[in-house]
Amino acid sequence: MEGEKEQMSRYDHIEKMENIRVQQEEIVQEMQALLEKLEESRGEYAALIEYYYSDQRNRDLEDDRAGLIPQTMSRGVLSEDEIFDLIGDYRDTAIRMMETGLQMIK
């Protein structure tokens, strides 16, 4: 029994490494799923950016200032910061993905 305990503690690192392997597999799978979701929504993001710079949004802003758009309607897309901040977050995330990707393959 004593020898078996010694042998087990001698190989504790194997269990630790196995746990790390499983955790890393899960993280990579989660990341792959998120990247797929991001890629699938690229067209929607492009439509939002197109709207942000459009004449339609300018008309919507005028209507909002005139009180024509119901106050109960969610209209974060008409704020100055919501879409602008999303563009910055999108860019920062893309840069971070590239930097992380480079670290992963080094």
Side-chain angles (χ1 to χ4, degrees):
M1 190 76 160
E2 187 67 33
E4 191 175 315
K5 279 187 180 180
E6 243 179 71
Q7 221 173 7
M8 289 294 285
S9 65
R10 180 177 172 195
Y11 297 111
D12 283 349
H13 64 281
I14 294 174
E15 187 174 358
K16 180 181 178 183
M17 292 301 116
E18 179 63 11
N19 289 336
I20 291 171
R21 182 194 63 79
V22 169
Q23 179 189 36
Q24 291 300 304
E25 280 182 354
E26 290 172 357
I27 291 169
V28 169
Q29 288 173 358
E30 289 174 25
M31 186 65 184
Q32 288 172 342
L34 284 172
L35 285 171
E36 189 172 309
K37 191 174 182 178
L38 186 64
E39 290 166 353
E40 289 171 357
S41 71
R42 186 86 172 103
E44 292 170 340
Y45 176 77
L48 179 64
I49 301 309
E50 185 176 321
Y51 172 73
Y52 183 67
Y53 293 107
S54 72
D55 290 335
Q56 178 64 57
R57 182 171 179 270
N58 290 333
R59 289 190 298 274
D60 293 343
L61 285 168
E62 289 173 17
D63 288 351
D64 190 44
R65 286 187 201 109
L68 300 174
I69 298 176
Q71 295 296 309
T72 56
M73 179 181 277
S74 178
R75 48 195 199 285
V77 294
L78 300 179
S79 77
E80 282 297 315
D81 298 330
E82 296 290 328
I83 297 175
F84 182 81
D85 289 348
L86 178 62
I87 292 169
D89 290 345
Y90 206 90
R91 179 186 172 279
D92 293 346
T93 300
I95 291 170
R96 187 172 176 193
M97 286 189 313
M98 288 189 299
E99 289 172 344
T100 300
L102 286 173
Q103 289 174 0
M104 289 173 71
I105 59 175
K106 284 185 177 183

Can you list the steps and then say if Asn19 with Gln23 is a side-chain hydrogen bond (donor to acceptor under 3.5 Å, both in side chains)? CA-CA 6 Å; Asn19 289 336; Gln23 179 189 36; over 6 Å; no
Out of curiosity, does Leu48 fall in the hydrophobic cluster containing Tyr53 (side-chain heavy atoms, cut-off under 4.5 Å, transitive links)? yes
Run the side-chain contact (heavy atoms from CB on, under 4.5 Å) test on Ile95 and Arg91 for me, step by step, so that the C-alpha distance in whole Å, both residues' side-chain angles and the decisive distance to 0.1 Å come before the verdict. CA-CA 6 Å; Ile95 291 170; Arg91 179 186 172 279; 3.4 Å; yes
Run the side-chain contact (heavy atoms from CB on, under 4.5 Å) check on Tyr45 and Leu86 step by step: do they pass? CA-CA 10 Å; Tyr45 176 77; Leu86 178 62; 4.3 Å; yes
Take Arg21 and Glu18 through the salt bridge (Lys or Arg N to Asp or Glu O under 4.0 Å) test and state the conclusion after the steps. CA-CA 5 Å; Arg21 182 194 63 79; Glu18 179 63 11; 2.4 Å; yes
Kindly say whether Glu82 contributes a backbone atom to a donor-acceptor pair with the side chain of Ser79 at under 3.5 angstrom? yes
Decide if atom CE of Met104 counts as having more than 12 heavy atoms of other residues, nucleotides or ligands within a radius under 6.0 Å. no
State the CG-CG distance between Leu68 and Asp60, to the nearest 0.5 angstrom. 10.5 Å
If I take atom CD from residue Glu44 and atom CG from residue Leu38, how far apart are they, to the nearest 0.5 angstrom? 11.0 Å
State whether the side chain of Thr100 and the backbone N or O of Met97 hold a donor-acceptor pair below 3.5 Å, judged by distance alone. no
Point-to-point distance, once rounded to the nearest 0.5 Å, from CD1 of Ile49 to CZ of Phe84: 11.0 Å
When you measure from the side chain of Arg57 to the backbone N and O of Asp55, does any donor-acceptor pair fall under 3.5 Å? no
Atom pair CG/CD of Leu35 and Glu40 - distance to nearest 0.5 Å: 11.0 Å
If you measure from the Lys or Arg side-chain nitrogens to the Asp or Glu carboxylate oxygens, is any gap between Arg65 and Glu62 under 4.0 Å? no
Quick check on the hydrophobic clustering: are Val28 and Ile20 connected, directly or via other members, by side-chain heavy-atom contacts under 4.5 Å? no
How many angstroms lie between CZ in Arg75 and CG in Asp64, if you round to the nearest 0.5 Å? 4.5 Å
For Tyr52 and Ile87, run side-chain contact (heavy atoms from CB on, under 4.5 Å): C-alpha distance rounded to whole Å, both residues' side-chain angles, the deciding distance at 0.1 Å, then the answer. CA-CA 10 Å; Tyr52 183 67; Ile87 292 169; 4.2 Å; yes
Are Leu78 and Met73 grouped together when hydrophobic residues (ILVMFWY) are joined by side-chain heavy atoms under 4.5 angstrom apart? yes
